[in-house]
Number of protein chains: 2
Amino acid sequence: MTYLFSALADPTRRQIFERLAKGAQPVGKLAQGLPISRPAVSQHLAALKAAGLVTDHAEGARRIYRIDPKGLAAIRIWLDQFWTEALDGYVAEVERSSGDPS
Amino acid sequence: MTYLFSALADPTRRQIFERLAKGAQPVGKLAQGLPISRPAVSQHLAALKAAGLVTDHAEGARRIYRIDPKGLAAIRIWLDQFWTEALDGYVAEVERSSGDPS
DNA sequence: GCTTACAGTAAGCTATGACTTACCTATTTA
DNA sequence: TAAATAGGTAAGTCATAGCTTACTGTAAGC
């Protein structure tokens with residue numbers, strides 16, 4: 001989860017990711033329209049890839065990046081597995097401190 | 001989203017958060033069992049609070065922290081709003097590159 | 001009121017993360 | 001095969017994040 005959340009913690013990286021969500025793109029095209037250098041984009045893509053948020057494949061000289069559903073799925077699983085636990089705990093605490101509503 | 005993801009990106013902070021998911025706790029009790037100092041825990045709690053992941057209230061000299069559902073809800077919204085877009089894009093790209101399956 | 005427990009804040013240290021430029025490799029095109 | 005395009009890697013810089021110790025401010029207990 002650390003890689004996943006770290007990857008999404010950076011605004012630029014989220015921007016890249018959200019742009020890829022609208023369609024696969026090569027590195028150079030991504031770099032256009034971003035206020036950072038192309039190598040910086042490459043580094044961000046490497047981070048996203050390590051997190052399982054994107055995949056890449058060669059297409060001639062270009063390298064096409066696209067969303068990898070694995071990453072989003074992992075977050076969803078974490079969240080779901082968490083959701084009930086956290087909310088149960090929350091409700092229990094609130095009830096405990098505000099008197100039994102039954 | 002930046003604060004939210006940054007807060008969850010740190011392993012220690014996630015540990016604190018997940019511990020709170022099992023029940024509200026004062027700072028000192030959280031600090032016990034963690035390999036870091038109590039002030040460090042305070043700082044982590046401040047980050048979690050700023051992200052909307054926890055709330056606190058005074059209880060005598062103690063300060064009780066508990067999960068704030070707002071944070072998790074925000075992630076869920078981000079994810080949901082994203083889910084369809086990303087997966088639609090993904091499917092569209094895959095179909096485009098592997099031939100029309102119809 | 002004085003002391004002890006609880007916890008936030010300040011200041012300083014160190015490691016890491018995001019960027020840059022320079023470089024190298026592989027593919028296309030002329 | 002030479003030139004140009006596409007993009008990953010290396011090395012260095014600067015800012016920030018996470019930690020520590022020291023301090024300050026409240027609430028509780030004697």
Side-chain angles (χ1 to χ4, degrees), chain A residues 1-20 23-68 71 75 93 97, chain B residues 1-20 23-68 71 75 93 97:
Chain A
M1 286 295 123
T2 301
Y3 278 105
L4 211 40
F5 285 127
S6 299
L8 293 170
D10 184 81
T12 306
R13 221 140 46 207
R14 274 206 313 283
Q15 203 177 331
I16 292 175
F17 180 71
E18 296 179 2
R19 194 170 297 189
L20 286 178
Q25 278 190 10
V27 180
K29 203 156 188 195
L30 277 171
Q32 291 179 278
L34 283 178
I36 57 173
S37 69
R38 190 198 45 72
V41 175
S42 269
Q43 290 161 13
H44 281 306
L45 287 169
L48 289 170
K49 187 178 172 185
L53 285 164
V54 304
T55 28
D56 62 331
H57 71 279
E59 205 159 284
R62 287 191 195 68
R63 194 145 268 270
I64 310 293
Y65 281 83
R66 68 166 48 141
I67 294 292
D68 185 349
I75 297 182
E93 290 298 329
S97 62
Chain B
M1 285 295 121
T2 301
Y3 278 105
L4 211 41
F5 285 127
S6 300
L8 293 170
D10 183 80
T12 306
R13 220 141 46 207
R14 274 205 314 283
Q15 202 177 331
I16 292 174
F17 180 70
E18 297 179 2
R19 195 169 297 190
L20 285 178
Q25 279 190 7
V27 180
K29 202 154 187 196
L30 277 171
Q32 292 179 276
L34 284 177
I36 56 173
S37 69
R38 191 198 43 74
V41 174
S42 269
Q43 289 161 13
H44 280 307
L45 286 168
L48 289 170
K49 186 178 173 184
L53 285 164
V54 304
T55 30
D56 62 330
H57 72 279
E59 203 159 286
R62 287 191 195 68
R63 194 143 269 269
I64 310 294
Y65 281 84
R66 68 167 47 143
I67 295 293
D68 186 349
I75 296 183
E93 290 298 331
S97 60

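Only this structure's heavy atoms are used, side chains among them; waters, hydrogens and symmetry mates stay out. As the structure is a prediction and not an experimental result, all values here were calculated from the model. Each chain gets a letter, A, B and so on, in the order its sequence line appears, and its residues count up from 1.
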Exercise. At under 4.0 Å, does any side-chain N or O of A:Ser37 touch on OP1 or OP2 of C:dC19?
Worked result: no

Exercise. Do any side-chain nitrogens or oxygens of A:Tyr65 fall under 4.0 Å of OP1 or OP2 in D:dA6?
Worked result: no

Problem set entry | Residue B:His44, side-chain atoms from C-beta onward, closest of C:dT20, D:dT20, D:dC19 | D:dC19

Exercise. What heavy-atom pair brings A:Ala9 and B:Thr2 nearest, and what distance separates the two atoms?
Worked result: O-CG2, 3.3 Å

Exercise. Whole-Å distance between C:dA7 P and B:His57 NE2?
Worked result: 12 Å

Seminar exercise, completed: When A:Ala61 and A:Ala47 are each assigned the nearest nucleotide of DNA chain C, the 5'-most assignment goes to A:Ala47

Exercise. How many Å lie between CD1 on B:Ile16 and C1' on D:dC19, as a whole number?
Worked result: 13 Å

Problem set entry | Spacing between A:Arg13 atom CZ and C:dC19 atom C1', to the nearest angstrom | 12 Å

For this session: Calculate the interatomic distance between A:Arg62 atom CZ and D:dA4 atom C1'; express it in whole Å.
Result: 13 Å

For this session: Grab the two heavy atoms, one from B:Leu45 and one from B:Val54, that are nearest each other, plus how far apart they are.
Result: O-CG2, 4.0 Å

For this session: Measure from NZ on B:Lys29 to P on C:dA5 and round the result to the nearest Å.
Result: 18 Å

Exercise. How close do B:Ala7 and B:Leu48 get, heavy atom to heavy atom, and via which atoms?
Worked result: CB-CD2, 4.2 Å

Exercise. If you round to the nearest 0.5 Å, how far is CG of B:Asp68 from OG1 of B:Thr55?
Worked result: 4.5 Å

Seminar exercise, completed: Rounded to whole Å, CZ of A:Phe5 lies from C1' of D:dA17 at a distance of 18 Å

Exercise. Counting just side-chain N and O atoms, does A:Thr12 come under 4.0 Å of either OP1 or OP2 of C:dG17?
Worked result: no

Exercise. Can you check the B:Leu30 CG to C:dA5 P distance for me, whole Å?
Worked result: 20 Å

For this session: Can you tell me the distance, in whole Å, between the CG atom of A:Leu34 and the C1' atom of D:dG7?
Result: 15 Å

Problem set entry | Options C:dT20, C:dG8, D:dG18, nucleotide nearest the side-chain atoms of B:Asp10 | D:dG18

Exercise. Do B:Gln43 and D:dT20 have a side chain to base donor-acceptor pair shorter than 3.5 Å?
Worked result: yes

Problem set entry | Polar side-chain contact A:Arg38-D:dG8 base: donor and acceptor under 3.5 Å | yes

Exercise. Is any side-chain nitrogen or oxygen of A:Ser42 closer than 4.0 Å to OP1 or OP2 of D:dG7?
Worked result: no

Exercise. Considering heavy-atom distances to DNA chain C, does A:Pro39 or A:Ala9 have its closest nucleotide positioned more toward the 5' end?
Worked result: A:Ala9

Exercise. Taking only residues two or more places apart in sequence or in another chain, which ones pass side-chain contact (heavy atoms from CB on, under 4.5 Å) with B:Arg62?
Worked result: B:Pro26, B:Ile64

